[in-house]
2 protein chains.
Amino acid sequence: MESEELRNVGLKVTTPRLKILSLLESSKAKHMTAETIYRQLSEGGEVIGLATVYRALAQFEAAGLITRHQFEGGQTVFELERGPHHDHIVCVRCGRVEEFYDKVIEDRQREIAEKLGFTLSDHALTLYGECSNGTCTAKNG
Amino acid sequence: MESEELRNVGLKVTTPRLKILSLLESSKAKHMTAETIYRQLSEGGEVIGLATVYRALAQFEAAGLITRHQFEGGQTVFELERGPHHDHIVCVRCGRVEEFYDKVIEDRQREIAEKLGFTLSDHALTLYGECSNGTCTAKNG
DNA sequence: AAGCAGATGAGAATGATTCGCAAGTGAGAA
DNA sequence: TTCTCACTTGCGAATCATTCTCATCTGCTT
Ligand SMILES: [Zn+2]
Ligand SMILES: [Zn+2]
Ligand SMILES: [Zn+2]
Ligand SMILES: [Zn+2]
């Protein structure tokens with residue numbers, strides 16, 4: 001249950017937090033903006049403030065429950081931290097986001113950091129391109 | 001001369017553009033924010049608007065003269081597009097930025113994009129970590 | 001049931017970036 | 001050189017996303 005997740009990371013179990021966490025878990029869209037979460041909850045009849053959504057997301061992130069991504073040209077999106085680490089490739093035409101994991105790249109990053117005298121703590125890798133015509137759902141031709 | 005660069009990319013040669021380009025070329029800091037550029041030019045006695053700086057940077061980027069980077073937790077920074085492509089590693093304590101290029105990673109990205117049915121057009125890779133105590137200039141201990 | 005630290009909603013405040021517009025200025029034409 | 005005009009610029013207003021303020025509310029503990 002989501003209540004457990006919140007308790008486990010030391011967050012008080014409140015209605016707004018539960019609703020946000022539930023939405024993230026049930027949504028078909030893996031990557032959501034604060035606005036989207038706010039809107040969907042509001043449309044669902046919930047009385048919740050945008051500020052609360054931002055606050056909750058920040059806390060969830062700090063607690064390691066979710067991760068934040070900043071794709072260029074778009075707003076910050078959040079996704080549940082489930083399953084193994086992965087990076088993203090974004091279609092610059094339709095916005096579709098695919099995930100991938102590449103051990104070679106992951107290992108290389110660590111080696112590079114070490115070589116440069118850094119203790120690697122995180123990384124952000126996002127590829128940009130156009131998805132194949134068959135799958136691209138871009139608005140204009 | 002900078003005038004040439006501007007002409008070559010089809011931009012009219014104007015004082016503001018020349019000043020901004022010159023600053024980018026002469027500055028010891030490779031990565032600068034629009035604000036920094038604006039402030040340094042203003043302190044140098046130039047009469048220039050912040051909006052003009054943003055406009056010029058956007059045009060320079062579109063023309064391929066500079067590249068834009070968005071390191072997490074910081075403002076957008078710009079750097080002259082000179083020399084070969086490279087990615088960055090940023091110290092989360094002192095903010096120091098080092099550059100690196102890794103062929104293995106670059107090649108891998110292309111393969112991944114292809115496998116996923118994307119035509120790769122760009123990518124953003126930034127590593128985060130702490131640089132060695134000897135070189136880190138973090139404010140607090 | 002009572003008490004309190006922490007949480008929330010609403011709206012104001014921020015900070016970065018973009019817009020709108022009247023005035024200014026390159027660069028080719030005359 | 002001067003004329004023209006589309007392109008530029010400075011300035012302030014406007015946006016947009018995100019954060020802050022604060023009075024009110026709500027989970028837990030006792
Ligand atoms: Zn993802
Ligand atoms: Zn697409
Ligand atoms: Zn660089
Ligand atoms: Zn450092």
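Note on naming: letters A, B, ... go to the chains in the order of the sequence lines (proteins, then strands), and numbering restarts at 1 for each one.
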Show every salt bridge (Lys or Arg N to Asp or Glu O under 4.0 Å) that has at least one partner inside residues 116-136 of chain A, sequence neighbours left out.
A:Arg93-A:Glu130
In whole angstroms, how far is the [atom2] atom of [N] from the [atom1] atom of [X]?
X	N	atom1	atom2	answer
B:Leu6	C:dT25	CG	P	18 Å
A:Leu57	C:dA7	CG	P	15 Å
B:Phe71	C:dA16	CZ	C1'	17 Å
B:Lys19	D:dT8	NZ	P	19 Å
B:Leu41	D:dG10	CG	C1'	14 Å

Partners meeting side chain to side chain donor-acceptor pair (under 3.5 Å) with B:Glu2 (sequence neighbours left out):
B:Ser22
Residue whose nearest DNA chain C nucleotide is more 5′ - A:Ile48 or B:Gln70:
A:Ile48
Going 5' to 3' through nucleotides 19-30 of chain D, assign each nucleotide B (protein heavy atom under 4.0 Å from a base atom), S (under 4.0 Å only from sugar-phosphate atoms) or - (no protein heavy atom that close).
BBB-----SS--
Polar contact flag, side-chain donor to acceptor under 3.5 angstrom, A:Arg39-A:Ser42:
no
Can you get from B:Leu125 to B:Val92 by hopping between Ile, Leu, Val, Met, Phe, Trp and Tyr side chains that sit under 4.5 Å apart?
no
Output the rest of the hydrophobic cluster of A:Ile20: all Ile, Leu, Val, Met, Phe, Trp and Tyr residues reachable through side-chain heavy-atom contacts under 4.5 Å, sorted by chain and number.
A:Leu6, A:Val9, A:Leu11, A:Val13, A:Leu18, A:Leu21, A:Leu23, A:Leu24, A:Met32, A:Ile37, A:Tyr38, A:Leu41, A:Ile48, A:Leu50, A:Val53, A:Tyr54, A:Leu57, A:Phe60, A:Leu65, A:Ile66, A:Phe78, A:Leu80
The remaining residues in the hydrophobic cluster of B:Val104, counting side-chain heavy-atom contacts under 4.5 Å among Ile, Leu, Val, Met, Phe, Trp and Tyr, are A:Val104
For DNA chain C, which residues in residues 20-40 of chain A have a heavy atom at a distance below 4.0 Å?
none
Side-chain N or O of B:Gln75 versus OP1/OP2 of C:dT17: is the shortest distance under 4.0 Å?
yes
Below 30° counts as parallel, above 60° as perpendicular, anything between as tilted: where do the rings of B:His31 and B:His86 land?
perpendicular
B:Ser121 (side chain) donor-acceptor with A:Tyr128 (main chain) under 3.5 angstrom
yes
